[in-house]
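Whatever order the structure lists ligands and atoms in, that order sets their numbers, starting from 1. We're numbering straight along the sequence, starting at 1.
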Amino acid sequence: MGLPEPGTYGDPQRNGLRAKDLYDAVVEHLFYSIGRRVPGADRHDLYMALSYAVRDRLMTRYLAGLDAVGTSPSRMVAYLSAEFLIGPQLGNNLLMLGIQQEAAEALKPFGINDIDDILHVETEPGLGNGGLGRLAACFLESLASLEIPATGYGIRYEFGIFDQLIRDGWQVEITDKWLKAGWPWEIPHPDQACFVGFGGHTESHRDQHGAYRVRWIPAEHAIGIPHDVPVLGYRVNTCNRLRLWRAEANDSFDFQTFNRGDYSGAVEKKVGSETLSKVLYPNDGTDAGRRLRLKQQHFFVSCSLQDMIRGLDARGIPVQEFPVHWAIQLNDTHPSIAVAELMRLLLDDKHLEWEAAWAITTACLSYTNHTLLPEALETWGLDLFGSLLPRHLELIFEINRRFLQQVRLRHPGNEGLLQRVSIIDETGGKAVRMAHLATIASHHVNGVAALHSELVKQELFPEFAALWPNKFTNVTNGVTPRRWLALAHPALDGLLGEVIGPDWPVRMEDVRQLEAFQHDAAFLERWSDCKRSGKQRLAAYILRQNALAIDPDSLFDVQVKRIHEYKRQHLNALQVIALYLRIKNGDTHGLVPRTVIFAGKAAPGYAMAKLIIRFINGIAEVVNADPTVNQLLRVVFLADYNVKLSERVYPAADLSEQISTAGLEASGTGNMKFMMNGALTIGTLDGANVEIREEVGDSNFFLFGHTAEGIARLHRDGYRPWERIAAMPLLQEVLGLIGQGHFSRGDRDLFQPLLNNLSGPDPFCVVADFEDYLRAQQTVASTWADRRRWSRMTLLNTARSAYFSSDRAIAEYAEGIWEVKPVPVAMRSLIEA
Ligand SMILES: *Cc1c(COP(=O)(O)O)cnc(C)c1O
């Protein structure tokens, strides 16, 4: 641990970590990489130059790491994910290297007195939708910090998740042009391009040894060009990589077509392949089976597997040893075509026998399930699948045939069971069930929180769990305390450094020592000051962005996450209206000043989610403009929720809203970031909330609502929300006000779909949990009134959050699933090279 002193390796000029070295490097990069002299350099130039200077220092470590892995035959992790929501890079890399102050110092001669002015220039790559993509990013960071060799494999989308504007209260989507100004953190490797086939047909023959061989003759090819992003660990020399594939046409031009005079036809083919990595699907969890989406998945998975095999080939390692060198994690089913693609590469390219290929495949792969929502479980119609990946479909049929035969022998005569576990869904139009494919081929299948993993076994895959009880396991998600605490909350970072020691971010267990201060009034005062600094920073941002002044001393009640009915932002909104009514009626006893803050994107095609955004903004408009109300209540919707914004929000929250319908949020990770930052949670017994409450203690958590079992019982017993509403006068009044157009400038129709949904099916049981939620919110208010008690509770939240560090999660994967060990990187290897 610890970095070598500057000057002890490589060229000190290019690697030094002192302010002077960084200054020199910035000047040099301004001149040679950007083509600017110092006097003409603007903030963007300085951002680029400093980024290049930092990248040089990552490269030294990255190359030293390659040497270390070459000499130490350890299993490497391949984390396959369609999304990586990595966030801004410069600030984080300065933190990892331990040179935040040195960099700030180095910028002063350029007239930059606040390094944030330079850090905020960076546009973040929005290569993910939300929690799943952010998890992948936290995991890569923890892998590096734990010195475990790993590669993240994904897609370099030219357009990531859309930017969100709010116009007249509605969400407007704008294309995300994250590459527009140049992005200094990636290094393309065109020499390591891979070919990927699509369509066409297969042919079979006997080879010279009489073995049955199949050849796939694709109709078209795309080329994948890897773009590597270095991922440095915290104060260690391990620098892993995120390898993102960009698609290119295999020929810049079809000259035959061109020569026939069909210019546009010739270009069309090129455009077709490049579309592959053009855009991220902006649907969080609920993808319709789209052809381009399947193409994207196969594209990046095939490139990644070829890349792994090629690496072994280059080192003269026989492919039979593939599992000795690679542990492959499938982040949800998006990369699950890997099962068939690895089999194809081993059978058709490497000419292994079926049993040997299957043994290798199943020894490498493991699969993380992220959802129980039926609309999010990926299936592909057989026609679509077969037309795009004919060889893979053959292989899936054969995998399924062998698997079903196994089941048949164990459970004679049980046709129903065979239908339920088959990879091919025969009900309705035939389709490939990707979750079944991934489950059958994986040595481990994990859910992402204790409750979720139980539901995976009991509700989603009971038949598989009976067949293979040891295959199913849990790894509760985690988040990195480096980005989410040390970087996002400088004041708290300082205090923790003082109390725990400067290396607290890699010793989250020791943060528990904070508990010793829970009755120390002076310390609690300092603790609250940290939170206050976070709140002031957010208040200033809200004033700039929303032109709304909010009181930093009010209770910041925050719900930020993708907008989804199951996450129930509308439950929160109804509660806000109930508060509004109480204030209007003069019933303010026991109320405390609140600022209710929302942020989140809705999938562009998800009408109800977009209406909920409009609804929140409608409430905000009425509440904030009413002087009889806005002293006690303000409502804010922050546009364009992304990593950058979330780094401002989590440190500023007093109350964390985790109010999903029990049984539907697999884990959540926002809940963990809030907890680490000392927010108290109001929540249901859902996902990781259950474990958060266990860790922090019942008395430090505001619990409400039906349990997962209770929700299941409601539905079983015939849930009739309209009957419940009839017995709830307050909710009637709230709904009545909405129906009269009070929050839509008199428009009585606007929110009708929302009202109909609530009083009709109410699939997410908003009505059933409404009164208990209000009760819990009342407890929040009375607790807030006792500020000493509140401070103590927030201290305990941070103190008891170690379990939710992604270091803990990665350690569990490393030991229980991947069987990988740390490979510390000494920089000496570079000097000798
Ligand atoms: C953490 C995070 C999420 C996930 O939030 P949940 O509350 O777990 O849904 C989504 N988006 C961003 C930008 C995040 O940082």
Query - Note: R482-D807 ion pair, threshold 4.0 Å (strictly below) - result: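 So R482 pairs with D807 through a salt bridge.
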Would you mind running through ligand 1 and noting each atom that sits below 4.0 Å from a heavy atom of [X]?
{"X": "G130", "answer": "10 (C), 11 (N)"}
{"X": "V643", "answer": "13 (C)"}
{"X": "S646", "answer": "15 (O)"}
{"X": "N642", "answer": "13 (C)"}

Would [X] and [Y] count as having a side-chain donor-acceptor pair, cut-off 3.5 Å?
{"X": "K567", "Y": "Q658", "value": "no"}
{"X": "T669", "Y": "N671", "value": "no"}
{"X": "T480", "Y": "S142", "value": "no"}
{"X": "E124", "Y": "Q89", "value": "no"}
{"X": "Q296", "Y": "R290", "value": "no"}

From the options G131, A488, G668, S667, select the one whose nearest heavy atom is closest to atom 10 (C) of ligand 1.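 Nearest option to atom 10 (C) of ligand 1, by heavy atoms: G131.
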Notebook entry, point to check: At a 4.0 Å cut-off, with the gap strictly under it, does some heavy atom of K673 reach an atom of ligand 1?
Noted result: yes
Any W484 heavy atom less than 4.0 Å to ligand 1 | yes
Quick one: look up the protein heavy atom nearest [atom] and list residue, atom name and how far away it is.
{"atom": "atom 8 (O) of ligand 1", "value": "T669 N, 2.8 Å"}
{"atom": "atom 5 (O) of ligand 1", "value": "G670 N, 3.8 Å"}
{"atom": "atom 12 (C) of ligand 1", "value": "Y641 CE2, 3.7 Å"}

Check: Purely on distance, is any nitrogen or oxygen of K567 under 3.5 Å from one on ligand 1?
Finding: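 Yes, since at least one N or O of K567 sits under 3.5 Å from an N or O of ligand 1.
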Geometric N/O contact K561 with ligand 1, under 3.5 angstrom: yes
Exercise for review: Please confirm whether R808 makes a cation-pi placement over Y803, using NZ or CZ under 6.0 Å from the six-membered ring centre and within 45° of the ring normal.
Suggested key: yes
Exercise. Can K531 and D654 be said to form a salt bridge (Lys or Arg N to Asp or Glu O under 4.0 Å), step by step?
Worked result: CA-CA 8 Å; K531 176 63 73 184; D654 296 307; 5.4 Å; no
